Amino acid sequence: MHGSIPSKAREEGRSRATRRLAEADADVWRLIGLEDDRQTTGLQLIASENIASGAVREAVGSVLTNKYAEGTPGKRYYSGCEVADEVEALAQSRAKQLFSTDYHVNVQPHAGTQANLAVYQACMKPGDRILGLDLNQGGHLSHGFKLNQSGKLYEAHFYTLSKDTDRLDYDSIARVAAEVKPKLILAGASAYPRLIDFARFGEIAKSVGALFHADIAHIAGLVAAGLHPTPFGHADFVTTTTHKTLRGPRGGLVFCKPEFQKAVDSSVFPGMQGGPLEHEIAGKAVAFGEGLQPAFKEYQGRVLTNARALADELKGRGWRLVTDGTDNHLMLVDLGGVIDGAEAQDRLAKRRIFANKNLIPWDTRPANKPSGIRLGTPAMTTRGLDENDFREVARIVDDVLRGRENEIDARVAALARG
Ligand code: DSN
């Protein structure tokens, strides 16, 4: 085929293909530079973000972006998929090794929401009932929120946290499950600072004849490192994103018990998506390879130690934390009316400290001006911050929230430099 392309055109094509971004598109190059600057000179405390390695980013920026590979390894709808097959099979085997599981895994979902919707489509019909944690209490929009497909296609029901402890109340979840009789029970959250008892969720699901789906997007890195109880063995389906504590490229994964393999694979493609993003899948493979190194487990341990230091120092400075602390990588600060969450987010961002406003359980304020902010340690732990640094992060956050902003920029810059 190449022979039919005049060599001059081929050369031009090649030189276009290899031109560096700075020469080829100064506008986009400048914007990426600004974002790089924002990320490296500020404090990244958004609990769902992390910093993927250069190796992951190189894979994501590779020629694999040029390839269509609809189907699954060995069963594609296009020719020339031999390399894509190997890349995807490698990502699958590493993902299974990382979570020490023999569940089937599909590594194609473009994001966590697609992974969740693929599960629902694999095991339910529109109108079937799902039961998950209320979004207002730390759940996720793909767990039945009315504006998400999960809330439009399925009859969504919710359990809440305990009003006394702000923790999951398994007896109450069991009662709601017995009343609702859902087809699928979901465990998993975007803003829950404590351990999740997946074994108990599995028992509850079994007791009402429901399937059990664990969405571990936030805590996947901790689960992989053995620092949070695993849902494998208890759940029929396990989904996750790959870019949070897992520290890979943006994307999703679905694991399922072997009996659901066919349904899940055809739910992802052609049910939810067309061509898989093989460049992203290569990035996932690289991240899983990194996750299998001893340094990854050490990193996850530091994420936890740092979260405890941050929580402890904030409490020492008078802030109430939801559940009074954290077992994982994140915490919810109740701003107690000193300032609302939106104002706090803006004021921190002006000082290059990035966190997100968040509802707290039983919040009486609206979602766009909630009572809390959510803070997490994964990204700045990747940057190398230790417990003492995180105590300083807490002091800086406290000073900004209370309007004591002298010298803040220099303190932020010193920490961001590492
Ligand atoms: N948007 C993510 C988070 O910030 O938690 C969840 O998908």
Side-chain angles (χ1 to χ4, degrees), residues 39 42-52 109-120 130 132-151 156 158 161 168 186-196 213-223 228 231 237-254 272 280 284 287 303 307 310 321-323 326-333 341-342 344-346 348-349 353-361 363 367-368 370 372-382:
Q39 290 186 19
L43 301 181
Q44 314 302 327
L45 302 177
I46 293 177
S48 47
E49 294 184 353
N50 209 327
I51 298 158
H110 300 336
T113 293
Q114 279 89 335
N116 288 344
L117 293 172
V119 167
Y120 309 153
I130 58 174
L133 176 62
D134 195 324
L135 180 65
N136 292 341
Q137 305 231 320
H140 190 253
L141 52 88
S142 64
H143 296 184
F145 178 53
K146 61 177 191 269
L147 297 180
N148 184 266
Q149 288 298 316
S150 56
F158 301 98
L161 301 171
L168 291 166
L186 273 143
S190 281
Y192 185 66
R194 295 295 177 178
L195 298 182
I196 298 176
H213 171 180
D215 176 350
I216 60 167
H218 263 265
I219 53 172
L222 301 171
V223 171
H228 187 291
F237 306 94
V238 178
T239 53
T240 182
T241 49
T242 46
H243 47 273
K244 298 189 175 89
T245 47
L246 216 42
R247 207 164 60 175
R250 304 197 77 77
L253 296 180
V254 186
M272 292 290 307
E280 293 289 342
K284 290 174 187 176
V303 165
L310 178 59
L321 301 188
V322 170
T323 76
T326 178
D327 295 328
N328 61 21
H329 62 298
L330 67 80
M331 64 212 66
L332 276 176
V333 185
Q345 176 175 314
D346 287 350
L348 288 165
I353 303 160
F354 301 99
N356 64 281
K357 59 180 180 282
N358 220 103
L359 288 167
I360 60 171
D363 210 326
N368 61 356
I373 48 167
R374 186 184 64 163
L375 301 176
T377 55
M380 294 313 292
T381 302
T382 296

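In this text the structure is predicted, and so the values were computed from the model without any measurement. Heavy atoms only: backbone and side chains are in, while hydrogens, waters and symmetry mates are out. Counting convention: from 1, in listed order, for ligands and their atoms alike.
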Any Lys244 heavy atom less than 4.0 Å to ligand 1: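 The answer is yes, since Lys244 has a heavy atom less than 4.0 Å from ligand 1.
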Derivation of the side chain to side chain donor-acceptor pair (under 3.5 Å) call for His213 and Asn116: CA-CA 9 Å; His213 171 180; Asn116 288 344; 3.3 Å; yes
Which of the atoms of ligand 1 are close to [X], meaning less than 4.0 Å from one of its heavy atoms?
X: His218; result: 3 (C), 5 (O)
X: His140; result: 6 (C), 7 (O)
X: Ser48; result: 3 (C), 4 (O), 5 (O)
X: Ser190; result: 5 (O), 6 (C)
X: Arg374; result: 3 (C), 4 (O), 5 (O)

Beyond-backbone contact of Val119 with Val254, side-chain heavy atoms, under 4.5 angstrom: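 Answer yes - side chains close enough.
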Non-hydrogen side-chain atoms of His228 and Ile196 separated by less than 4.5 Å: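 Result yes, sub-4.5 Å side-chain heavy-atom pair found.
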Distance-only donor-acceptor check, side chains His218 and Asn328, under 3.5 Å: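 Side chains of His218 and Asn328: no pair found under 3.5 Å.
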Other residues, nucleotides, ligands: >12 heavy atoms within 6.0 Å of Arg250 CZ: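 Count not over threshold, so no.
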Nearest protein heavy atom under 4.0 Å from atom 1 (N) of ligand 1, yes or no: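 For atom 1 (N) of ligand 1 the answer is no, since every protein heavy atom stays at 4.0 Å or beyond.
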Side chain to side chain contact (heavy atoms under 4.5 Å, CB included) assessment of His329 paired with Leu222: CA-CA 8 Å; His329 62 298; Leu222 301 171; 4.1 Å; yes
